[in-house]
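Start at 1 with the first residue, then count along the sequence.
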Amino acid sequence: MDAGLVVYALYLAAIYGLMAIGISLLWSSVGMVNMAHGATFAISGYVAYFAAMWAGPLIKTWLGGSDFVMPVLAVFIGLVGLCAGAVFGVVIYLVAFLPIHDKPNFSVRSLIVTLALNLASVQTLLWAFGPQQKSLPRVFGVGRLSYFGMSIRVDQIVTILATIVLLGAVLIWLRNSRKGLEIQAVMQNAEGAALVGISTRKTALPIMMLTGALAGLAAVLLSQNVFVSPTAGAIPLVKGLTIALLGGLGSVLGAVAGAVLIGFVEAATGAIPFLGQRYVLFVQFTVIVAVLLIRPRGLGGLLDETRE
């Protein structure tokens, strides 16, 4: 496997990992599988697209065509994607958590409500913008870097580095901030956290904003190579769910390991001549089933401690 293929695998792992970690965090903290994660992805992509169309000419005029235009626009679009995802996370909190979080069978109810929200969001995007695909400007770089005879795409390197920095910041925040410690307490034992005054209702809001922001950034990063469309979140949602299961629901490190494994499987499968992209999903799900048969708890999760 050459360096270009390794970088491509890590690039896929970075994007899928952002989705999987969000799903895993939400399940481990409030016991909710968010089927509207794909809608968060698609809506963030559209918001980032229109923000780029509006801000691009202004930034070019402001900076006078200097070399900083693309980096500034890239940071701006990334922040817009993060904010759009966080805002839609608030919508999910208001629609799919607050009304039903204290009702019986919350996990099943929330699954149905978020699935309905996902379908409604996709249909709204189709009604508003039609099925036409839109492309974000290639603000993370379009060239290649050559080292020791190996050619590596710049945008993939930027995506990997941006994901590492963001996830590192999230982990530091979770381990050192007061709200992060409250979230960890809810993840470990929701009933025990409630006994010491940590409200699941109040803790769920920052968690949903955080997971939405991760999906929003994933939309911006993936939209550098694929188009923004109403159904753009379907495949990332499926990949995120399966990787979260592979890593073990509730395990952030397991989700990261699962994302890396699936990224390498997809990159290697696509590079094999007699397989190619047509068999990527088949090979991925075969690997996932094989791992779960050997290790039902996933690579590092809490599947055997699911909530009643």
Side-chain angles (χ1 to χ4, degrees), residues 7 10-19 21-22 36-92 121 124-125 128-129 132-145 152-173 205-206 208-230 232-233 236 240:
V7 172
L10 293 176
Y11 163 77
L12 294 174
I15 295 171
Y16 296 154
L18 290 173
M19 298 291 289
I21 289 170
H37 219 49
T40 306
F41 184 97
I43 290 172
S44 299
Y46 271 100
V47 173
Y49 168 78
F50 287 111
M53 295 302 101
W54 168 77
L58 294 178
I59 292 176
K60 289 180 182 178
T61 301
W62 176 44
L63 295 177
S66 69
D67 295 336
F68 294 101
V69 170
M70 284 304 175
V72 171
L73 186 57
V75 172
F76 175 76
I77 294 176
L79 291 175
V80 167
L82 285 168
C83 293
V87 170
F88 196 72
V90 176
V91 174
I92 296 172
S121 301
T124 301
L125 291 174
F129 306 114
Q132 291 82 10
Q133 297 177 330
K134 303 183 184 299
S135 60
L136 280 176
R138 302 293 294 274
V139 294
F140 293 102
V142 294
R144 289 178 175 269
L145 299 175
I152 303 172
R153 283 172 43 184
V154 174
D155 63 309
Q156 293 177 352
I157 295 293
V158 173
T159 295
I160 294 168
L161 294 177
T163 302
I164 292 173
V165 170
L166 177 64
L167 292 182
V170 168
L171 291 176
I172 291 173
W173 178 74
L205 179 58
M208 291 189 182
M209 292 180 68
L210 173 62
T211 57
L214 294 178
L217 180 63
V220 173
L221 296 176
L222 188 59
S223 296
Q224 292 295 294
N225 289 306
V226 302
F227 294 104
V228 176
S229 70

Tightest non-hydrogen contact, residues Q156 and V7, listed as OE1-CG1, 3.7 Å
Which atoms form the tightest heavy-atom contact between V220 and G81, and what is the distance?
CG2-CA, 3.8 Å
I want to check something: taking the side chain as every heavy atom from C-beta on, are Y11 and T163 in contact at a cut-off of under 4.5 Å?
no
Where is the tightest heavy-atom contact between G45 and A219, given as atom of each residue plus distance?
N-CB, 3.9 Å
From the list T159, I160, V158, I77, side chain to side chain contact (heavy atoms under 4.5 Å, CB included) with L221 holds only for T159
For residues V228 and Q133, determine if any side-chain heavy atom of one lies less than 4.5 Å from a side-chain heavy atom of the other.
no
Heavy-atom pair of closest approach, residues A52 and L136:
CB-CD2, 4.3 Å
Could you report the tightest heavy-atom contact between Y49 and K134, atom names first, then the distance?
CE2-CD, 3.2 Å
Given the rule in the side-chain contact (heavy atoms from CB on, under 4.5 Å) test, do S121 and I43 qualify, once you have shown the distances and angles that lead to the verdict?
CA-CA 8 Å; S121 301; I43 290 172; 4.2 Å; yes
Quick one: are F129 and S229 in side-chain contact, heavy atoms under 4.5 Å?
no
From L214 CG over to I15 CD1, what is the distance, rounded to the nearest 0.5 angstrom?
13.0 Å
Are the side chains of P236 and L222 in touch, meaning some heavy atoms are under 4.5 Å apart?
yes
Side-chain donor/acceptor of T211 to backbone N/O of M208, under 3.5 Å
yes
Over all heavy atoms of both residues, which pair between M19 and G240 is shortest? Give the atoms and the distance, please.
CB-CA, 4.1 Å
Can you tell me how far apart OG1 (T40) and CD1 (I92) are? Round to the nearest 0.5 Å.
3.5 Å
So, for F41 and F88, is the gap between ring centers shorter than 6.0 Å?
no
Can you check whether L167 reaches L18 side chain to side chain, under 4.5 Å on heavy atoms?
yes
For atom CZ of F50, decide whether the heavy atoms of other residues, nucleotides or ligands shown that lie under 6.0 angstrom number more than 12.
yes
Does any non-hydrogen side-chain atom of L82 lie less than 4.5 Å from one of L166?
yes
